[in-house]
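Let me begin by handing over the structure; questions about it come next.
For the numbers below, each heavy atom of this structure counts, side chains included, while hydrogens, waters and symmetry mates do not. Every chain is numbered from 1 and lettered A, B, ... according to where its sequence line falls, protein lines coming before strand lines.
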Amino acid sequence: MEDSALPVAAAPARRAKRAAPAPTVTPAPAHLAAVRGPLLGWYDRNKRDLPWRRTKDPYAIWLSEVMLQQTQVSTVIPYWERFLTRFPTALALAAAPLDDVLAGWKGLGYYSRARNLHRAAQEVVSRFGGRLPATAEELLTLPGFGRYTAGAVASIAFGEEAPLVDGNVARVLSRLFEVEGLPGDREREATLWHLATALVKGERPGDFNQALMEHGATVCRPESPLCLLCPVRDACLAFRKGRVDELPPAKVRATPKKLTLALAVWPHAGTLLFARRADAGLFGGLWELPAAEVDEDLPAPEAATRLAAALGTEVKLEGALGTVKRQLTHRDLTLRLLRVSGPQRPTRTPAFQELRWCTPDEASALGMSTAMQRALDTALASGVLRGG
DNA sequence: AACACGTGGGA
DNA sequence: TTCCCAAGTGT
């Protein structure tokens, strides 16, 4: 292909009312063909052998897509297999208690995914007779299905020519078609979806979408992309212009906010007190050592008073058991372990959905965040249950 | 339309 | 150690 046939034509300049955003890009058919075929062929030869690529079960594929949201493949694999054994069908998932579902999700993060998955399974049963609908449009009406997941399930499980754009695809298309703009930019998103829509039309849409993502994950990587191995290098505008390293621009990240929680470590007869968090927000619906948000350097006695208020009962501070720190994407989390006791053991309070006294064994079966798991491990290591 | 929402791995 | 992320969705 000659340079004169440069495979992108800028659309007629859009009359932007305010800003002057990046022009919308209309891919020429020749450019589409120069990407589509080679990428699909490359995928056939180089795709990784991932467990969800061995099934045609829409439910299993759906599950993989939800677990893969913002989560790396290697992390997901064991979760996917375990979860599928425990909840083999949408019907089984819909019938399971949410607590069990959250326990199956324990440690995976972004727990609202599990909650939405569970709700969606129930809707699949009530609205669609237990079978996942086959179009992106219908899938989009279910909880936890955004534009990406709807396109992924529709194309991979049902063969619909439905586009998808995830982080990988955004990066690949930004480079191939020299799409400008920062992540999150409206115009940029529209252009990427426009390109993805044009590209996916044709044979094997599900495989093509996966090829796009696989290529982004393994070759067209964020750092040090392997352009020498790239099957679509000749069609890549960023490569031609030496702009691979500057596309797409890195996203700006907000500095994490500090969050300090005082945790009640309340031993009694071989058990500790646990509480279930509110459904919304951080670690929603998960179990924890009863927690109260406190100022960073609130003295322990006052922190214990906060816990007493949250538990709705008198509490005696027996000592501090140390601190656990966790870095979340948007939170700088500090967990302060306070050993407490009290004249009456609470069983229900307004601050928590539910309270429960559990042995370490029973606690291990609860849906709990990794952060809280670390705090619990620290508490147990201190010997609270051995009278130490 | 920003912002909230987790985690483990790699540089 | 510290930083950056990786197959997004909901509000």
key: d(CG, A/Asp166; C1', C/dC5) in whole Å   =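 That distance rounds to 14 Å.
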task = Kindly write out the residues that satisfy side-chain hydrogen bond (donor to acceptor under 3.5 Å, both in side chains) with A/Gln70, not counting sequence neighbours, or none if the list is empty.
result =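 So A/Gln70 forms no side-chain hydrogen bond (donor to acceptor under 3.5 Å, both in side chains) with any residue.
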request  = Could you tell me whether A/Val73 contacts a base, only the sugar-phosphate backbone, or nothing, with contacts defined as non-hydrogen atoms closer than 4.0 Å?
outcome  =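 The residue A/Val73 makes base contact.
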inquiry  = Students often get this wrong, so: under 4.0 angstrom with heavy atoms, is A/Thr329 touching a base, only sugar-phosphate, or nothing?
reply    =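 Answer is base: heavy atoms of A/Thr329 come under 4.0 Å of a base.
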task = Give a yes/no answer on whether the side chain of A/Arg186 brings an N or O atom under 4.0 Å of OP1 or OP2 in B/dA1.
result =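 Yes, such a contact exists.
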ask   = Which part of the nucleic acid, if any, lies within contact of A/Arg119, taking any heavy atom under 4.0 Å across all strands shown: a base, the sugar-phosphate backbone alone, or nothing?
value =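 Nothing: the residue A/Arg119, judged by heavy atoms under 4.0 Å, touches no strand.
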task = Provide, to the nearest angstrom, the distance between the CG atom belonging to A/Asp332 and the C1' atom belonging to B/dG6.
result =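 A/Asp332 atom CG is separated from B/dG6 atom C1' by 14 Å.
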request  = Assign A/Gln327 to base, sugar-phosphate, or nothing according to its heavy-atom contacts below 4.0 angstrom with the strands shown.
outcome  =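 Contact class for A/Gln327: base.
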inquiry  = At 4.0 Å (heavy atoms only), tell me whether A/Leu50 reaches a base, stays on the sugar-phosphate, or touches nothing.
reply    =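 Result for A/Leu50 = base.
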Short side-chain N/O contact to B/dG8 OP1/OP2 from A/Arg326, under 4.0 Å =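 So the side chain of A/Arg326 is within the cut-off, an N or O lying under 4.0 Å from OP1 or OP2 of B/dG8.
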inquiry  = Looking at A/Gln72, I'd like to know whether one of its side-chain N or O atoms comes within less than 4.0 Å of OP1 or OP2 on B/dG9.
reply    =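 So the side chain of A/Gln72 is outside the cut-off, no N or O lying under 4.0 Å from OP1 or OP2 of B/dG9.
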ask   = Do you see a donor-acceptor pair shorter than 3.5 Å between the side chains of A/Gln69 and A/Tyr148?
value =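 No, because no side-chain N or O of A/Gln69 sits under 3.5 Å from a partner of the opposite role on A/Tyr148.
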ask   = When we call it a touch if two heavy atoms are under 4.0 Å apart, what does A/Gly281 touch: a base, just sugar-phosphate, or nothing?
value =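 The residue A/Gly281 makes sugar-phosphate contact but no base contact.
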query = NA contact type, A/Ala371, heavy-atom cut-off 4.0 Å: base, sugar-phosphate, or nothing?
reply =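 Sugar-phosphate: the residue A/Ala371, judged by heavy atoms under 4.0 Å, touches backbone atoms but no base.
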task = Could you tell me whether the phosphate oxygens of C/dT9, OP1 or OP2, come under 4.0 Å of any side-chain nitrogen or oxygen in A/Thr149?
result =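 Checking A/Thr149 against C/dT9: at least one side-chain N or O falls below 4.0 Å of OP1 or OP2.
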task = Round to the nearest Å and state the distance from A/Lys251 atom NZ to B/dA2 atom C1'.
result =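 It is 14 Å, rounded to the nearest whole Å.
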inquiry  = Check whether A/Arg221 reaches the backbone of A/Ser224 with its side chain - one donor and one acceptor, N or O, closer than 3.5 Å.
reply    =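 At least one qualifying donor-acceptor pair exists.
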key: Any A/His330 side-chain N or O less than 4.0 Å from OP1/OP2 of B/dA4   =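 Looking at the OP1 and OP2 atoms of B/dA4, neither is under 4.0 Å from any side-chain N or O of A/His330.
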ask   = Mapping A/Glu65 and A/Asn116 onto DNA chain C by nearest heavy atom, which one lands closer to the 5' end?
value =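 With A/Glu65 and A/Asn116 compared, the 5'-side residue is A/Glu65.
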inquiry  = Under 4.0 Å, heavy atoms only, any strand: does A/Leu108 hit a base, just the sugar-phosphate, or nothing?
reply    =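 Contact class for A/Leu108: base.
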ask   = At under 4.0 Å between heavy atoms, what does A/Gly216 touch on the DNA or RNA strands: base, sugar-phosphate, or nothing?
value =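 Counting heavy atoms under 4.0 Å across all strands, no contact is made by A/Gly216.
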task = Identify whether any heavy atom of A/Arg48 sits under 4.0 Å from a base atom; if not, whether one sits that close to sugar-phosphate; answer base, sugar-phosphate or nothing.
result =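 Since a base atom lies under 4.0 Å of A/Arg48, the category is base.
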Distance in angstrom units between A/Met368 CE and B/dT7 P, rounded =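 That distance rounds to 12 Å.
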key: B/dC5 OP1/OP2 closer than 4.0 Å to side-chain N/O of A/Arg331   =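 Indeed, a polar side-chain atom of A/Arg331 lies that close.
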query = Rounded to the nearest 0.5 Å, how far does CG of A/Leu182 lie from CD of A/Glu180?
reply =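 One gets 10.0 Å once the value is rounded to the nearest 0.5 Å.
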ask   = Can you tell me if the side-chain N/O atoms of A/Ser369 get under 4.0 Å from OP1 or OP2 in B/dG6?
value =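 Result: no.
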B/dA4 phosphate, OP1 or OP2, under 4.0 Å from A/Lys257 side-chain N/O =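 For B/dA4, OP1 or OP2 has a side-chain N or O of A/Lys257 closer than 4.0 Å.
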task = State whether a side-chain donor-acceptor pair under 3.5 Å links A/Ser341 with A/Lys316.
result =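 No - no donor-acceptor pair under 3.5 Å links their side chains.
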ask   = Say you pick atom C1' in B/dG6 and the same atom in C/dC5; how far apart are they, in whole Å?
value =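 The answer is 12 Å between these two C1' atoms.
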request  = Choose from B/dG6, B/dG8, C/dT9 the nucleotide whose nearest atom is closest to any side-chain atom of A/Thr75.
outcome  =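 The closest nucleotide is B/dG8.
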request  = Could you tell me whether a side-chain N or O of A/Glu178 sits under 3.5 Å from a main-chain N or O of A/Ala238, the two making a donor and an acceptor?
outcome  =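 No; judged by distance alone, with no hydrogens or angles, the pair does not exist.
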query = Touch check for A/Ser74, heavy atoms < 4.0 angstrom, all strands: base, sugar-phosphate only, or nothing?
reply =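 Touches nothing.
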message = Taking only side-chain N and O atoms of A/Tyr111, does any of them lie within less than 4.0 angstrom of OP1 or OP2 on B/dT7?
response =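 Result: yes.
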task = Please measure how far the P atom in B/dC5 lies from the corresponding atom in C/dA6, and state the result in whole Å.
result =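 One P to the other, the span is 22 Å.
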ask   = Nearest nucleotide by nearest heavy atom, which residue falls closer to the 5' end of DNA chain B, A/Gly184 or A/Leu286?
value =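 The residue whose closest nucleotide sits nearer the 5' end is A/Gly184.
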task = Determine whether any donor atom in the side chain of A/Tyr148 lies under 3.5 Å from an acceptor atom in the base of C/dG8, or the reverse, and answer yes or no.
result =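 No pair found.
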query = With a non-hydrogen cut-off below 4.0 angstrom, is A/Leu328 in contact with a base, only sugar-phosphate, or nothing?
reply =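 Here A/Leu328 touches the bases of the nucleic acid.
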request  = Specify the separation, in whole Å, of atom NZ of A/Lys325 and atom P of C/dC3.
outcome  =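 Going from NZ in A/Lys325 over to P in C/dC3 covers 14 Å.
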d(CG, A/Leu282; C1', B/dT7) in whole Å =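 Atom CG in A/Leu282 sits about 12 Å away from atom C1' in B/dT7.
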task = Could you give the distance separating B/dG8 and C/dT9 at their P atoms, to the nearest angstrom?
result =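 So the two P atoms sit 22 Å from each other.
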From CA spacing to verdict: ring-ring contact (aromatic ring centres under 6.0 Å, His included), A/Trp105, A/Tyr110 = CA-CA 9 Å; A/Trp105 207 268; A/Tyr110 284 141; over 10 Å; no
inquiry  = Using a 4.0 Å heavy-atom cut-off, does A/Trp52 contact any base of the nucleic acid, only the sugar-phosphate backbone, or nothing at all?
reply    =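 Since a base atom lies under 4.0 Å of A/Trp52, the category is base.
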ask   = For the side chain of A/Lys106 and the backbone of A/Leu366, is there at least one donor-acceptor N/O pair under 3.5 Å apart?
value =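 Yes.
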query = In whole Å, what is the span from the NZ atom of A/Lys106 to the P atom of B/dT7?
reply =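 Result: 12 Å.
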query = What is the distance, rounded to the nearest whole Å, between atom CH2 of A/Trp193 and atom P of C/dG8?
reply =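 From A/Trp193 CH2 to C/dG8 P: 11 Å.
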